[in-house]
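Have a look at the structure below before the remarks.
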Amino acid sequence: MLKLENIQKTFPSGSRTITVLSDIDLLIRARSTVAIIGPSGSGKTTLLGLCAGLDRPTAGRVLFNDIDLGPLTEDQLADIRRDQTGFVFQTFRLLPSLTAKENVMIPAELKGDPQAAARADELLDQVGLSERRTHYPRQLSGGEQQRVALARAFINQPKIIFADEPTGNLDDETGQHILDLLFGLNRDQGTTLMVVTHDHALTERVQSIVTLKSGRIVATRATGHR
Ligand SMILES: Nc1ncnc2c1ncn2[C@@H]1O[C@H](COP(=O)(O)OP(=O)(O)O)[C@@H](O)[C@H]1O
Ligand SMILES: [Mg+2]
């Protein structure tokens, strides 16, 4: 599904460069579930961004289903992100001027999918928000907003979901509900899941856990879950 080969990522910082990721080799199999853990600043979000084609490595290769993302143009990367990936963020990132349903529909509409509205209704139903379709994000609780974001992430039937601390802004009980929905949708749709987290309730549900420290992978552990 996803293969990282000897990835390095540096950022210019004044007259110096800071190295954020080094010597990253990682293989993520189709339909697997992987958590990325590690201290704040260890490079987790940067790594997720490289995997998702949101950003490019300074050195090394990212292969998405055997396609090397390096030579692709920004438009080609954007097409892959839209058609094959879904994103969930800690801060939900819904568009405030659009209703719940309109937010969910966006990725499908960008593709010109005639089923966009019907699929949005179906997904909002799956996350238990049928009654909230016409509500705006400000009228929804944090947990409800994240449920809308989950529906949006899955609408184009992606191959892989990237989630960056999806329960980070939620209380434990709401977070558990979001995880039930995220893992349930992931299982139903046969999606691959790569999730950055500090949440122990989440690491208990994935098949493998990758630990980053100062931009390096220091441990990779299979949990035995299926
Ligand atoms: N665009 C950027 N420019 C400069 N430094 C960055 C940029 N993005 C991230 N960093 C730095 O990279 C390091 C890792 O950041 P990040 O990937 O967000 O870590 P984590 O998600 O594990 O907290 C941090 O020191 C951060 O300041
Ligand atoms: Mg982060």
Side-chain angles (χ1 to χ4, degrees), residues 1-4 7 9 26-34 36 44-57 61-127 129 133 136-137 145-166 178 181-196:
M1 175 85 239
L2 194 60
K3 192 173 182 193
L4 273 59
I7 294 290
K9 181 68 179 176
L26 187 62
L27 182 66
I28 295 182
R29 293 181 200 286
R31 294 170 177 259
S32 62
T33 54
V34 181
I36 311 292
K44 304 181 298 296
T45 294
T46 304
L47 179 63
L48 203 70
L50 294 175
C51 289
L54 283 166
D55 196 4
R56 295 173 189 268
R61 298 203 303 166
V62 179
L63 299 153
F64 187 90
N65 281 334
D66 297 324
I67 299 167
D68 183 355
L69 298 185
L72 300 188
T73 65
E74 291 305 319
D75 283 350
Q76 288 172 320
L77 283 178
D79 284 350
I80 289 182
R81 287 199 303 269
R82 184 197 64 199
D83 296 342
Q84 309 200 41
T85 73
F87 289 89
V88 183
F89 303 96
Q90 181 173 2
T91 51
F92 324 132
R93 298 208 201 176
L94 302 178
L95 293 178
S97 62
L98 299 183
T99 64
K101 180 171 172 180
E102 288 165 348
N103 268 284
V104 175
M105 284 172 64
I106 295 172
E109 286 195 311
L110 287 172
K111 235 171 95 164
D113 180 353
Q115 300 299 319
R119 285 198 43 76
D121 283 335
E122 189 185 327
L123 276 158
L124 282 168
D125 192 32
Q126 284 180 275
V127 299
L129 288 179
R133 271 186 221 129
Y136 289 89
Q145 290 184 56
Q146 194 64 307
R147 278 145 70 190
V148 173
L150 286 179
R152 176 181 62 184
F154 280 94
I155 195 167
N156 281 344
Q157 297 178 291
K159 300 274 192 309
I160 184 165
I161 294 282
F162 297 102
D164 197 350
E165 308 202 28
I178 290 296
L181 291 168
L182 173 59
F183 280 80
L185 285 164
N186 194 63
R187 190 182 332 100
D188 292 348
Q189 294 204 18
T191 320
T192 310
L193 178 64
M194 183 172 180
V195 54
V196 166

Return the minimal non-hydrogen interatomic distance between Phe92 and Gln145, and the atom names on each side. CD1-OE1, 3.6 Å
Side-chain contact test, heavy atoms from C-beta onward, threshold under 4.5 Å: evaluate it for Leu2 versus Thr192 and give yes or no. no
Hey, could you give me the CG/NZ distance between Asp113 and Lys111, rounded to the nearest 0.5 Å? 6.0 Å
Side chains of Asp79 and Leu72, heavy atoms from C-beta outward: is any pair under 4.5 Å? no
Which of Val148, Asn103, Val104 passes side chain to side chain contact (heavy atoms under 4.5 Å, CB included) with Leu98? Answer is Asn103
Is there a donor-acceptor pair under 3.5 Å between the side chain of Gln76 and the backbone N or O of Thr73? yes
Does the pair Asp55/Lys9 count as a salt bridge with the N-to-O cut at 4.0 Å? yes
Roughly how far, to the nearest 0.5 Å, is CG of Asp66 from CE of Met1? 10.0 Å
Interatomic distance, Ser32 atom OG to Leu27 atom CG [nearest 0.5 angstrom]: 8.0 Å
Is the backbone N or O of Phe89 less than 3.5 Å from a side-chain atom of Gln146, with the two atoms forming a donor-acceptor pair by type? yes
Distance (rounded to the nearest 0.5 Å) between Leu129 CG and Leu150 CG: 9.5 Å
Minimal heavy-atom distance between Arg31 and Gly190, with the atoms involved, is CG-O, 3.4 Å
Going by heavy atoms in the side chains, are Arg152 and Arg93 under 4.5 Å from each other? yes
Is there side-chain contact between Ile160 and Leu193, with heavy atoms separated by less than 4.5 Å? no
Determine whether Asp164 and Lys44 satisfy the following criterion, salt bridge (Lys or Arg N to Asp or Glu O under 4.0 Å), listing intermediate values before the conclusion. CA-CA 8 Å; Asp164 197 350; Lys44 304 181 298 296; over 6 Å; no
Side-chain touch Leu185/Val127, heavy atoms, less than 4.5 angstrom: yes
Shortest non-hydrogen contact from Ala153 toward Val88: CB-CG2, 3.8 Å
Would you mind reporting whether Val195 and Phe162 have side-chain heavy atoms less than 4.5 Å apart? no
Identify the heavy atoms of Pro137 and Leu95 that sit nearest to each other, and give their distance. CG-O, 3.5 Å
Sidechain-backbone polar pair: Arg56 side chain, Gly70 backbone, donor-acceptor under 3.5 Å: yes
Without swapping roles, check the side chain of Asn186 against the backbone of Leu182 for a donor-acceptor pair under 3.5 Å. no
Lys159/Thr85 under side-chain contact (heavy atoms from CB on, under 4.5 Å): CA gap, chis, key distance, verdict: CA-CA 6 Å; Lys159 300 274 192 309; Thr85 73; over 6 Å; no
Is the closest side-chain heavy-atom distance between Leu47 and Leu4 below 4.5 Å? yes
CG on Leu54 to CG on Leu77, rounded to 0.5 Å: 9.0 Å
Are more than 12 heavy atoms, taken from residues, nucleotides or ligands other than Asp188, located less than 6.0 Å from that residue's CG atom? yes
Between Met105 and Ala120, which heavy-atom pair has the shortest distance, and what is it? CG-CB, 3.4 Å
Residues Pro158 and Gly86: closest non-hydrogen pair is CB-N, 3.7 Å
Just verifying a value: how many Å separate Glu165 CD and Leu48 CG, rounded to the nearest 0.5 Å? 10.0 Å
Could you walk me through whether Ile161 and Met194 pass side-chain contact (heavy atoms from CB on, under 4.5 Å), step by step? CA-CA 6 Å; Ile161 294 282; Met194 183 172 180; over 6 Å; no
Under the side-chain contact (heavy atoms from CB on, under 4.5 Å) rule, what do Phe64 and Gln84 come out as? Steps first, then yes or no, please. CA-CA 10 Å; Phe64 187 90; Gln84 309 200 41; 3.4 Å; yes
Examine distances only and state if a side-chain atom of Asn156 and a backbone atom of Arg82 form a donor-acceptor pair shorter than 3.5 Å. yes
Taking C-beta and beyond as the side chain, do Pro166 and Gln90 meet within less than 4.5 Å on heavy atoms? no
Strictly distance-based, threshold 3.5 Å: is any side-chain N or O of Arg119 a donor or acceptor partner for the main-chain N or O of Ile155? yes
